[in-house]
Structure formats: structure tokens, C-alpha cells
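Below is one structure, written out as C-alpha cells; the observations come after it.
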Amino acid sequence: MIYIDRDSVPMPNFFSDGEKPYEEEILYRLEQQSKFKQARFKRDDYFLESVYSDLVDLFHNKCAYCESHLEEITTDYFRPSESVSDRKGQADEGYYWLSYIWFNLYLSCHECQRYKSNYFPVIGSRLKPPKVKTYLDYDQLRKYVDSEDPLLVDPCDEKAHEEVPFKYDRKGNIIPLSEKAEYTIELFQLNRPRLVEERHKRSQFLSELLDSITFSSNESSRIKDVFFNLQDDQSHLGLNRQIIAEWYLANEKLIDNEYPDLNQEFRLILAKTVPSWRQLARTSEVISSFEPEDSAREDTSEAETPIGYEFSKFLEWVEIYNYKCIEHIKLEIPQPSEGQGEQSILLIGENGVGKSTVLQATALAMMGNEQLQELNLGDYNHLIRRDSKKKRATITVKFLNESNPVFVEITPTSISSNRKQLVKPTVGIGSVRRMPEDGEIVGFDDDPSRILALFRHDVVFPDVQPWLGNLDQVSSEQFNEAAKTIIDMLMIPEDLISEGRMVNRKSGNVTVNVGNGPESIKSMCDGYRSVIGYALYVMRSLNIHWESAYNAEGLIIIDEIGNHLHPTWKIKVVSLLRQVFSRCTLMISTHDPLCLRASRKGEVWVMNLDEEDRRVRLQQKDIPMGMSLESLLIGDWFYMDHTTDEKTSKLIEDHNKELFKENPDQVKVKKLEAQLERTVMKTSSGISKLDTYFDLIRDVKSEEREEISKADLANDPELRKKLAQQIRDQIKS
């Protein structure tokens, strides 16, 4: 990470010219803050597209944090706008008032942005929203923001770089020289394997280049090659500067003797790019008062009391052997694109192919050995595939940037993991979701594993309302965060939210106003209760580690997500869960094509049985945007033969068979067509399924006309079958 002078690029006219529609909501919030306690600010990045080129110029198309070149434009908000989390995962309102402010916009690679997320711890008090007058004065607002002391090293803060905060070793590791630098490296994972490898290669290249300079005659071109590696657009420029500064300091007199003109240019370039270059060159000699335990991030999977960001680990793949009906599958977890939050896994397939089995196996791998021993799963034999000769099942999970995968082994008498403690917070919602009945008390602590509902249908989900309504257990800030979750999941219109509090609590009872006045959750319809019930259960489970569900990291597993939901909700439920639990990975099974409408690239996986060996197969298959439900159902996702009613389908099939007989019974053909005329409904355009059917027959026969004579068709049964099948295939499509 290097210092970037933000004033080197003028502030774009976008922020000073003309009307600013993007500011309307911000100004209203600043004036009426009490009305928005339960309304989540939702930034619209569309407004900022016109300033992308200015950001590219300022940061030289590199990540402000890791200095990697960017393949696509990714905007980062240094102070998070929608919600903010401190070092221990405690939540606070985001800096929404900095959403469209030039000095808060940075370029970032997707990985750095993903690790940073909403974390923004500060030393001392966090800034409150400013007065409107301060907000409207750019210079005053900048001074106001500068009064806050972040724990992160700010690439655009000159004061933060007065003393060199980082140094590099020749293996490519970045080493902190202050507490802020250590936290910055930890949070952004600046020593992740890819970066270390890139910096190591860069170090080797520069070392070879510099070692090749012998200060004999005619080497000025090599000296200029050194200049090239100090240009602003070079990746990993911080490392370049340190290595070259060290070399120059050791050879300054030789360079001055041999190339006095180049030496003067060298000094000017170093002074311009690195004002503290002499200090930078001596960092390896400096004994800092700050001495970190280790320059690279340690594996925190065994930590007894992990803090929030230590769970910043992302699934890469899951591999299962001999577990229940599965002999072997490997599930690749897609990595998200910029601004999309975490990815999901959407499993589809017929009953009995093992969708729930994959969910269960993944959940087991997340538990850690201590949690696995507490699970009451009965006889372990039923977890091992019956035909398995080894009588052993294994589940392996690989996390991004971790060298040692999680490994779970199941034998007829035991289950064990190579991780002692919880690997990643996980919540499992089974296909049967029974809420407590009147008078039935189920405590949250009755299900310490949070995944038991994936294995048993008799699990009753605890009522978390008593917890949510308890003033001693849930602060006002936490309650408002929970209210935002409820409001988002119920899709309450924004115009209602801005009128005041939609979710209230009194005497331990929680009520929600969905437009018709306050209503208790227990009195709502089954669909509302189901969605709110498991959303609150997930939120309560994640609350063990994070104060805010929006900032929480974890794995949310839901079997048959479409159960109890109206089609309107089925289409949106995945998007809503992504919105509410944006840092969590969703792993979902479903039979409903509507629930796949929110799928993204790499997320949909089809499970089926191989026709030859009857083994479970897994295939990743994206759903093209705009595909109709009928095409989806009869395509390679659900493998249905048709979507018409049974009677109509049989009439079409009978007509098709008779039509392509060697000697079709024309009376029977006409009779079937008459029945079809009476049965098939017309569409609003006046076209019926029957019209389409006969059009297809004509088209297919027309295509074949030049190649097929009537005699051929009469004398070749295989040709008739081929033509009939072609018509059936076109009907399906």
C-alpha cells in the first residue's frame, strides 16, 4: 500500500455541477434522522458511473490497498455507507452521508473489497452524521471527517504515511511497522498467497535487474529500466520503491561518479515518488517500537473465542465421499463478482438424488470436532453409503487462501474433524419448519448446533421473539437492526418505512406494521410467519458472533426454500436473503423454478442419477436470463416432458403417433383433431397450443420435403419415427 495524493486529480464536475438527485434522500435523512432508525440506506451506484474514469486516473487503474492492476472497475467506499462494523463485529449505522462524496471513493480489487466489507474500526468515538450545513460544504465536511481516527491505514491520508507504515521482505511478504499497519494487513489479507507470489516474482525480477548493473560504461539504458519500475502505473509499487531505494542508497556514489546526469534524474524521481525514500531504504535496519508476532496471518480456526473478522474465510469447494447415497461429488463454490455480495449454491434435482444429503454433509464440516460430538445423530452406520466397501465416509471443505482443508471422517462408531472448534458459523433450516404452538416453549439454547433441523423433521424452531422483545438482552440499536431485517424480508414499501417505526416492542411482545396497523408475528399468516420465523432464527444464531445480521459472516443452509411461499416471494426470496445477510454464503435446495429466478453465474447445480450406473451426478448449469418457466422446466434443469395438462398431452401424443403410422387412419386423425379443438384453450392472442402443434408439423415436413418423398416416408419406419421425434422435440422447446 502506498500514499495516493487525492488532490493530484481534480474533483469531477459531477459533484459540483447541476442538480444532485442522489442527495435528496441523504438530506432528508440528515434533517429527519429519528424517522430512519429502522430504514436501511440503499446506495445506488448507478449515479457514480460517470466518475469511474477519474478514479482510474487517480489510482492508475490499481487497487488502492494491494496495488494489483484491475481488470474491471470496482468502487470501494473507504467509510462504508450502508452499515459499519467495528473490530469485534459490533454494528453501527453506516456513513450514508459519504455515499456520493469524492474523497470517500477508492478503487479496489474485488478480493480486498470482499475482505474489508463493512469493517471500519476507529480509535475513540465514531463520527455522527453531520449537520446539513457541514454536509453541503465540501471542505468543511472533509475537515469533519479528518477529525476521526480510523484503525485502517488510509491510502489517501498523507499523515498516515509520514512514517513508513509497511516494509517488504524479498519473499514477497508485507510487514507492518505499526499497529494500524498490522490491522490493515490482517483485514485486507494483504499476505494472501496470490499477492505474496506476485510480489516474490517482482522482487526476483528487480533483484536480477539491479544485480546486472556493474557500473561499467554504456549501462545507462539499464538505469533507465530501473526508472521505468518507479512509474505510478506499476503494480506493487511499494515493493518496487523499497528495493530500488535500498539499491540506490548502497550505490549512490558509484552512480554519481559514472552517470552524474542520470543520478540527478534518479534523485528527482525518487523524491517525487517517495518523499521518504531514504527512510524507506532503511526500514530493514529500523528497530520499530511495534513488534508484531508474525508478519503473515495465522490460522485462527483453533481460536477459543474468535472475534468477528477472524471468520473472514470463504468457501472454495466441498468434496463428499461415501456419505449416504453419494459415492463421490465435488461442488465448486463460485466466487462473487464486484458488488454482488456472497454467492449462493442452488441445488435442484429429483427426489432421492441427494440434495439434502449435500446440505447435511456441508453443515457437518462446519461444526468442528467439539460440536460434532454433541450432535445426537444416532447410529453412524446410516451416514455411510450402503454399498461402500471401505465403510468410511469423508467430507472435505477447502477455504479460499487456506492451505489446510477441513476434513471430517465418519466410521460406523465415530465422527471426527481435524478442526477442534467451530469452523464457520452455520445455520440449517430443514424442509419442515414447525414453529412453537400456543403454550409450547422451545428455548433457543435447546438447539446449540443450529443444524439439527437438517437431519430431523421433529425439530421445533425456537420462538426468538422473547429475546428480541427483551430490553436487557437486545439494545435499541440491535432491535432497530433486527427491524431492518424484518422490513426487508417482508418487502414493506419504502414510503411506509419513512413515516416512522414499522416494528415495535412492548412488554416483550413484538409487532409489525405491514400497512394495516400493528400485528403480532404469531397472528400473521403461515407464509409471513415462516419467512420471519427462520429469518429471525438465522439472525439470532449469527448474533452470537456479530451484533448485526447485515455484517455477519456465516453459512446459511435452507432445504426446500420455496415451502409455504407465495409465487411472488418465491421469485424474490433468494435476493431478499442476499440483501439481509449480505456477508453470508447461501446453500439452498429447491424443486421450484421460481426460486431460481435470482440465480447468478456458477450458482445452479443439477443433481441426477446416471442412467447406466445409477450413481449421483452433479453438473453446474447456468440459467440464461429471460428464459421462460416452460423452457426451464422442460430443459436440462428439471427434465420434464411437457407442461400441459395430462389429457391434452395424451391427445397430442395419440395424434402424433397415428399421423406417422405407415397407413394412418384418417378418420381417427380427424377425430383426434376435433377432440383437440374442443380441449385446447385459446391464448389472449387467439393462438392455441393446437395451432402451434400443427405449425410445427408443417414446418418439419417442409424442411424434409426435398429429401423425403411420400414413398420414403411410407416405406421407412425409422424415418417416420425420426420425424415424429423431431416434432415432439420442437413442441418441448
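The structure displayed is predicted, hence computed values, not measured ones.
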Can you find a pair of side-chain heavy atoms, one from [X] and one from [Y], that are under 4.5 Å apart?
| X | Y | value |
| --- | --- | --- |
| Val318 | Ile345 | no |
| Val358 | Trp605 | no |
| Pro412 | Ile384 | yes |
| Ile174 | Asn191 | yes |
| Val406 | Lys424 | no |
| Ile333 | Glu316 | no |
| Lys601 | Pro334 | no |
| Leu364 | Leu375 | yes |

Assess whether a salt bridge exists between [X] and [Y], defined as any Lys/Arg side-chain N lying under 4.0 Å from an Asp/Glu carboxylate O.
| X | Y | result |
| --- | --- | --- |
| Glu197 | Arg194 | no |
| Arg392 | Glu409 | yes |
| Arg170 | Glu246 | yes |

Between [atom1] on residue [X] and [atom2] on residue [Y], distance to nearest 0.5 Å:
| X | Y | atom1 | atom2 | result |
| --- | --- | --- | --- | --- |
| Leu576 | Thr485 | CG | OG1 | 11.5 Å |
| Ile244 | Asn229 | CD1 | CG | 5.0 Å |
| Asp232 | Asn61 | CG | CG | 13.0 Å |
| Lys62 | Leu107 | NZ | CG | 11.0 Å |
| Glu560 | Leu347 | CD | CG | 10.5 Å |
| His69 | Asp233 | NE2 | CG | 6.0 Å |

Below 30° counts as parallel, above 60° as perpendicular, anything between as tilted: where do the rings of Phe78 and Phe120 land?
perpendicular
If you measure only the distance, is there a donor-acceptor pair under 3.5 Å linking the side chains of [X] and [Y]?
| X | Y | value |
| --- | --- | --- |
| Asp622 | Gln620 | yes |
| Arg241 | Tyr168 | no |
| Asn369 | Ser416 | no |
| Ser83 | Arg40 | no |
| Tyr77 | Arg43 | yes |

For a side chain to side chain contact (heavy atoms under 4.5 Å, CB included) with Asn240, tell me which candidate from Arg199, Arg202, Glu67 qualifies.
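Only match with Asn240 under side chain to side chain contact (heavy atoms under 4.5 Å, CB included): Arg202.
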Against Phe188, only a single residue in Tyr65, Tyr183, Tyr119 fulfils ring-ring contact (aromatic ring centres under 6.0 Å, His included); can you say which?
Tyr65
Does [X] have more than 12 heavy atoms from other residues, nucleotides or ligands lying within 6.0 Å of its [atom1]?
| X | atom1 | answer |
| --- | --- | --- |
| Lys572 | NZ | no |
| Asn376 | CG | no |
| Lys391 | NZ | yes |

